[in-house]
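The structure under discussion appears below in the form of structure tokens.
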Amino acid sequence: GNSINNLQPLETTISDVERFATSAILELSCPMCSKQFPFGGIVASNYYKMCFNGIQCKGCDHILSPIQLTAQLEATIRVHISLYYAGWLICDDLACGTVTRQMSVFGKRCLNEGCTGVMRYKYSDKQLYNQLLYFDSLFDIEKNKKEELKPIYHDGDMDFPNEALTESSIRALAEQNRELFEISRSVIQKYLSECGRRYVDMGGIFDFMSA
Ligand SMILES: [Zn+2]
Ligand SMILES: [Zn+2]
């Protein structure tokens with residue numbers, strides 16, 4: 001089987017931008033003013049700024065406490081894990097598009113009579129693993145310093161940041177937030193290691209699912 005080979009958590013030849021192309025952005029909300037905003041690490045944003053002691057909401061200047069951050073992070077991870085566990089399968093024949101949670105006794109064969117399509121997981125194990133790796137990257141001090149994170153905005157976006165961050169301020173902020181980022185990573189790592197183990201354990205099953 002090649003699904004374990006496909007995993008290669010350290011596919012070093014591809015950039016995070018490519019690896020996390022389909023990963024969902026981390027949405028945080030300010031506990032004081034309830035404003036929601038995408039968090040993309042130590043990057044420019046019109047909604048938040050990194051200060052020397054955490055993530056500060058630009059709407060009300062509240063600085064998220066470590067627990068206010070990690071609780072949201074953990075809740076988001078759980079949403080993704082439950083999506084994965086919901087086990088929805090989708091037929092790869094676009095003309096059919098059957099979506100089901102039921103596994104046919106024939107495994108990967110579509111249940112729609114006469115359809116020759118193959119059922120695949122809508123939320124694959126690899127997607128979940130990459131999603132967790134993406135969250136992990138946001139709190140990776142070195143990746144932040146090297147400005148290797150997947151951009152959360154693109155030219156032309158309505159909320160494209162007005163101001164850029166300088167390289168030196170990014171480096172300083174990364175060091176000042178080292179403890180907060182390490183706490184955040186430890187939350188993610190807990191799920192990442194479980195997910196990685198499960199991936200290896202279930203390799204055979206997913207191998208069977210991928211034609
Ligand atoms: Zn706020
Ligand atoms: Zn089908």
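Order of listing sets the numbers, starting from 1, for every ligand and every atom in it.
A tilted orientation is assigned to the rings of Y48 and F39, their planes being inclined by 30° to 60°.
Counting only heavy atoms from C-beta outward, the side chains of V43 and P151 never approach each other to under 4.5 Å. Proximity of E175 to I141: side-chain heavy atoms (C-beta onward) are separated by under 4.5 Å at one or more points. Proximity of M50 to I55: side-chain heavy atoms (C-beta onward) are separated by under 4.5 Å at one or more points.
Residues meeting the salt bridge (charged side-chain N to carboxylate O under 4.0 Å, His left out) test with D16, sequence neighbours left out: R19, K143.
Among pairs with a residue in residues 146-169, none fulfils ring pair (Phe, Tyr, Trp, His ring centres under 6.0 Å), at least two apart in sequence or across chains.
With no hydrogens or angles considered, a side-chain donor-acceptor pair links E74 and Y191 at under 3.5 Å.
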- Are E194 and K190 close enough, and set up right, to give a salt bridge (Lys or Arg N to Asp or Glu O under 4.0 Å), and what steps lead you there? CA-CA 7 Å; E194 276 174 33; K190 190 174 68 184; over 6 Å; no
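Annotation: protein N, O or S atoms under 2.8 Å of the Zn ion (ligand 1) (waters excluded) comprise C30 SG, C33 SG, C57 SG, C60 SG. Below the 2.8 Å limit, the Zn ion (ligand 2) has as protein N, O or S neighbours C91 SG, C96 SG, C110 SG, C115 SG.
Although no hydrogens or angles enter the test, the distance criterion places a donor-acceptor pair under 3.5 Å between the side chain of Q56 and the main chain of D61.
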